[in-house]
Amino acid sequence: MVGCLSRNFAFRLIVLKALLQNMGLIVRSSAIHAAGCYTTTPIRKGERVAEYTGRHINKEEADRLYEDYPVTYLFGLGDGETVIDGFCIAMFINHSCDGNCETSEDDGHVWVKALRDIPAESEITYDYCLYDGGDDPCTCYCGAAKCRGSMYSREEIKRRKIAARKAAEKKRSKRKTAARGNGSGVAVKNGAVK
């Protein structure tokens, strides 16, 4: 009986601790996006704020499930093939180019951790560092002093600029080739075509 009571007590302590940790987070209106995640209590630098939880699915299934949805709560894992189909308080954490948190992956779990001390009533944010989004510009509205204007990572923005430049060069090259093909590039000297 004593072992059963101690396990029950230990379980209750774990549940109570989890509730107290989560009780400090609320969802309310945000200037960054429609809704955001806020803390009601101060958070210390390095402290885990939330876990991004949900079903682990592959990218193809995520694309199929959310093909016609304008908003998704997907978090890509480091393997590049798996995403978490978010259904938790962390899904309301908005992007900021100068976030007060960062994410870390540990054995399939994604944790949101404080980068600095965060005062009570602050919105919790992190840099999404997106790398996949098709033609979506993923415009950023964070308002940070060094906002890059996009939720894409710096590397992805650079990659997209290079790809756009190459596509523009290819398009110009095709136009020049087409212009030469209609006779405008043909030189005539002494009545002979060169």
Backbone N or O of [Y] within a donor-acceptor pair of the [X] side chain at under 3.5 Å?
X	Y	value
Asn58	Glu61	yes
Thr40	Gly24	yes
Asp127	Gly99	no
Asn100	Glu123	yes
Asp106	Trp111	no
Glu121	Tyr38	no
Ser153	Glu156	yes

Does [X], at its [atom1] atom, have more than 12 non-hydrogen atoms belonging to other residues, nucleotides or ligands within less than 6.0 Å?
X	atom1	answer
Lys59	NZ	yes
His33	NE2	no
Arg154	CZ	no
Arg44	CZ	no

Heavy atoms, side chains only, cut-off 4.5 Å: are [X] and [Y] in contact?
X	Y	result
Ile43	Cys101	no
Arg55	Ile84	no
Val112	Glu51	no
Thr125	Ile32	yes
Cys140	Cys97	yes
Glu47	Lys113	no
Ile57	Val83	yes
Tyr66	Asp85	yes

Enter the distance from [X]:[atom1] to [Y]:[atom2] here, rounded to the nearest 0.5 Å.
X	Y	atom1	atom2	result
Cys88	Ile93	SG	CD1	7.5 Å
Cys142	Met151	SG	CE	10.0 Å
Tyr152	Arg159	OH	CZ	9.0 Å
Met91	Asn94	CE	CG	11.5 Å
Glu60	Glu81	CD	CD	6.0 Å
His95	Cys129	NE2	SG	8.0 Å

Do you reckon [X] sits in the same ILVMFWY cluster as [Y], going by side-chain contacts under 4.5 Å, direct or chained?
X	Y	answer
Tyr73	Tyr126	yes
Phe87	Leu74	no
Val71	Leu130	yes
Val49	Val27	yes

Plane angle bin for Tyr52 and Phe75 - parallel if under 30°, tilted between 30 and 60°, otherwise perpendicular:
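Correct class here is tilted.
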I need the minimum non-hydrogen distance between Ile118 and Ser122, along with the two atoms involved.
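Where Ile118 meets Ser122 most closely, the heavy atoms are CG2-CB, 3.6 Å.
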